[in-house]
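Everything below concerns the one structure shown next.
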Amino acid sequence: MKLKSVILAVTTASLAAGAAIFAISTRAAAPDTTVAGGTNAAGSLFDDPVLASGTGVQVKRSELDEVVTSLKAAAAAQGETIPPERLVLLEAQALEQMIDVQLLVDQANPADKAAGEKKADTAMATLLKRAGSQDMLNMQLTAAGTTAAQLHKKVADEATAMSALQRGLGVSVTDAEVQKFYDDHPQEFEEPEMVHVRHILFMTIDPQTREPLADNVVAAKLKLANDVLAKARAGADFAKLAEQYSDDTTTKENGGDLPPFARATADPRHAMVPEFEAAAFSLTTNQISDLVKTVYGYHIIQLINKIPAKKLSLTDRIPSTDTTVAEGVKDGLTQEKTQKAAPPYLAGLKKAADVKILDPDLNSAVESLSNTNAAAAAPAPAN
């Protein structure tokens, strides 16, 4: 387990909700509504078969399609496309998790549900902070095909299920185990050098379609960018210029201030486009860049300060979260133990609930996935 895995575990509470969060936080374009097998989400309103059922379990095609669509959107936000041959496997994995969540939520006690709500509240607060305002967050959620209430419920259900699973398995991690992992993996807690900047964006693409704006509009944007750059270098308040002129709606209200970020090679989770990164790291404190051209348009960047590389202590906060390193390591170790112990426990729940997968292709894919996982978990033969 690496610190980056710990951070991922802290910041994404579920397969579906995590994908939606990623797509939203990276400002992905609205996802394609075509799902695996060529089914359109609108069409599924009139043909919505039950894919899996059992005591306390029911998963419909539309519900699975929603999850797969969000996963495709997350992949698209990273510039990737899920190959058609992987879609059935992806559906099988998502269906398995949806079944497991329903079974585990059914097993949850009040403490599990309270833990789930707390995780969901934290995740939504993080999204709101990144979006800059509730209106902007609502717009981003709409673009991702969901609402704040729907996303909150998904995260809460996943976190509740995880709490119920860990309680059912009796999984726990001691402070001594956390300290040992920290001591044994010093390189995993090195925080790379970061920069803290403000920027003003003059967008040259349509924010919805990502298509280039008309040439005359781009020319006008370039002229305005040069005019604003001259004002900034003449001593005008950079934050006020950002509030007045920036097209970045997520940062303009706070003067163009961006969260500190590292080079992509050190932390790909929050990577900036290469041109922006190179310009930001080349500046000295309070220096204002030349115009920086990226796929989004023209930027003016001001360096607030550079944050030297350091080793995080157990009591430090994990960057971009409200979680300490110790809490993150404990969560990560708990999840590792849970993943190892969960398969037979979950299989028992499915058997007791008489869960059946009614779609033949998905049933075959789930059986294949189960066999692969069982083989991977089997101990290596003795030499």
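Numbering starts at 1 and runs along the sequence shown. The figures here come from the full heavy-atom set of this structure, side chains too, leaving out hydrogens, waters and symmetry mates.
- Exactly one residue among Ile301, Ile200, Leu222 makes a side chain to side chain contact (heavy atoms under 4.5 Å, CB included) with Leu291. That residue is Leu222.
- In terms of heavy atoms, Pro192 sits closest to Ala262 at CG-CB, 3.6 Å.
- The environment of CD in Glu253 is sparse: at most 12 heavy-atom neighbours from other residues, nucleotides or ligands sit within 6.0 Å.
- Under the 3.5 Å distance criterion, with hydrogens and angles disregarded, no donor-acceptor pair is assigned to the side chains of Asp106 and Gln102.
- Side-chain contact, His299 with Ser289: no donor N or O sits under 3.5 Å from an acceptor N or O.
- Scanning both residues, Thr285 and Asn305, for their nearest heavy atoms gives OG1-CA, 4.2 Å.
- Look at Glu91 and Arg61 and you find a salt bridge, because one of the NZ, NE, NH1 or NH2 atoms lies within 4.0 Å of a carboxylate O, short of that distance.
- In this structure, the separation between CD1 on Ile82 and CG on Leu90 is 5.0 Å, given to the nearest 0.5 Å.
- Judged purely by atom type and a 3.5 angstrom limit, Glu277 uses its side chain to pair as donor or acceptor with the backbone of Ala264.
- What you find for Tyr298 and Ala225 is that their closest heavy atoms are CB-CB, 4.3 Å.
- In terms of heavy-atom proximity, Leu103 sits nearest to Thr55 at CD2-O, 4.2 Å.
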Before giving the answer on side-chain contact (heavy atoms from CB on, under 4.5 Å), spell out for Asp257 and His196 the whole-Å C-alpha distance, their side-chain angles and the decisive distance to 0.1 Å. CA-CA 8 Å; Asp257 193 298; His196 185 191; 2.9 Å; yes
Under the side-chain contact (heavy atoms from CB on, under 4.5 Å) rule, what do Leu224 and Phe202 come out as? Steps first, then yes or no, please. CA-CA 8 Å; Leu224 179 60; Phe202 303 87; 3.8 Å; yes
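- A cation-pi arrangement is absent between Lys221 and Tyr296 under the rule of less than 6.0 angstrom and at most 45 degrees off the ring axis.
- Around CG of Asp183, the count of heavy atoms belonging to other residues, nucleotides or ligands within 6.0 Å exceeds 12.
- Put simply, the side chain of Lys113 never gets that close to the backbone of Thr160: no donor and acceptor are under 3.5 Å apart.
- Annotation: Asp184, atom CG; neighbour count of heavy atoms from other residues, nucleotides and ligands within 6.0 Å is above 12.
- Taking the six-membered ring where the residue is Trp, Phe276 and His199 present perpendicular rings, their angle passing 60° and hence far from 30°.
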Step by step, work out the side-chain contact (heavy atoms from CB on, under 4.5 Å) result for Val295 and Ile205. CA-CA 8 Å; Val295 293; Ile205 61 172; 5.9 Å; no
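- Side-chain N or O atoms of Ser246 include one that pairs as donor or acceptor with a backbone N or O of Leu201 at under 3.5 Å.
- Within the 4.5 Å cutoff, the side chain of His152 has heavy atoms near those of the Asp121 side chain.
- Looking only at side-chain heavy atoms (C-beta outward), Glu188 and Val325 stay at 4.5 Å or farther from each other.
- In this structure a side-chain-to-backbone donor-acceptor pair under 3.5 Å is missing from Asp157 to Lys154.
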Check the pair Gln134 / Asn138 against side chain to side chain donor-acceptor pair (under 3.5 Å), numbers first and verdict last. CA-CA 6 Å; Gln134 187 64 53; Asn138 290 340; 3.0 Å; yes
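- Considering CG of Asn109 and CD of Gln107, their distance stands at 10.5 Å, rounded to 0.5 Å.
- Counting heavy atoms from C-beta on, the side chains of Leu346 and Leu165 come closer than 4.5 Å.
- Note: Lys310 NZ to Asp316 CG = 4.5 Å, rounded to the nearest 0.5 Å.
- For the atom pair Ile300 CD1 and Asn226 CG, the distance stands at 8.0 Å (nearest 0.5 Å).
- The hydrophobic cluster containing Leu349 does not contain Val105, counting ILVMFWY residues as joined when their side-chain heavy atoms lie under 4.5 angstrom apart, directly or transitively.
- Looking only at distances, no side-chain donor or acceptor of Ser163 sits under 3.5 Å from a matching main-chain atom of Ala159.
- Put simply, Val355 and Val67 are part of the same group of oily side chains (I, L, V, M, F, W, Y) that touch within less than 4.5 Å, one to the next.
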CA sep, side-chain torsions, deciding dist, call: Glu193, Arg263, side-chain contact (heavy atoms from CB on, under 4.5 Å): CA-CA 8 Å; Glu193 179 188 29; Arg263 290 182 174 87; 3.1 Å; yes
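- Checking side-chain atoms of Thr334 against main-chain N and O of Lys330 turns up a donor-acceptor pair under 3.5 Å.
- Put simply, the side chain of Leu358 reaches to within 4.5 Å of the side chain of Val50, judged on heavy atoms.
- In this structure, Lys223 pairs ionically with Asp227, as a charged nitrogen and a carboxylate oxygen lie closer than 4.0 Å.
- A heavy-atom distance below 4.5 Å is not found between the side chains of Glu336 and Phe181.
- Atom CG of Leu64 and atom CG of Asp48 lie 10.5 Å apart (nearest 0.5 Å).
- Here the side chains of Thr204 and Lys293 are in contact, with some heavy-atom distance below 4.5 Å.
- When side chains are defined from C-beta on, Lys119 does not count as touching Glu158, because their heavy atoms never get closer than 4.5 Å.
- Residues Leu241 and Val292 are members of separate hydrophobic clusters, defined by side-chain heavy-atom contacts under 4.5 angstrom among Ile, Leu, Val, Met, Phe, Trp and Tyr.
- When all heavy atoms of Thr324 and Ile318 are compared, the pair lying nearest together is O-CD1, 3.7 Å.
- Minimum interatomic distance between Phe261 and Phe281 (heavy atoms only, all atoms of both residues): O-CZ, 3.8 Å.
- Side-chain N/O atoms of Glu327 and Thr323 include no donor and acceptor closer than 3.5 Å.
- Within 6.0 Å of the NZ atom in Lys311, the count of heavy atoms belonging to other residues, nucleotides or ligands exceeds 12.
- Criterion: ILVMFWY side-chain heavy atoms under 4.5 Å apart, direct or through other members. Under it, Leu104 and Ile357 are part of a common hydrophobic cluster.
- Atom CZ of Arg233 is surrounded by more than 12 heavy atoms from other residues, nucleotides or ligands within 6.0 Å.
- Gln58 and Glu63 share no donor-acceptor pair across their side chains, judged by distance under 3.5 Å alone.
- Ionic pairing of Asp100 and Lys350 is present here: one or more N-O contacts between side-chain nitrogen and carboxylate oxygen are shorter than 4.0 angstrom.
- A donor-acceptor contact shorter than 3.5 Å links the side chain of Thr147 to the backbone of Gln150.
- Criterion: ILVMFWY side-chain heavy atoms under 4.5 Å apart, direct or through other members. Under it, Phe238 and Leu258 are not part of a common hydrophobic cluster.
- One finds the CD atom of Glu211 at 8.0 Å from the CG atom of Asp206 (value rounded to the nearest 0.5 Å).
- Within the 4.5 Å cutoff, the side chain of Arg198 has no heavy atoms near those of the Ile288 side chain.
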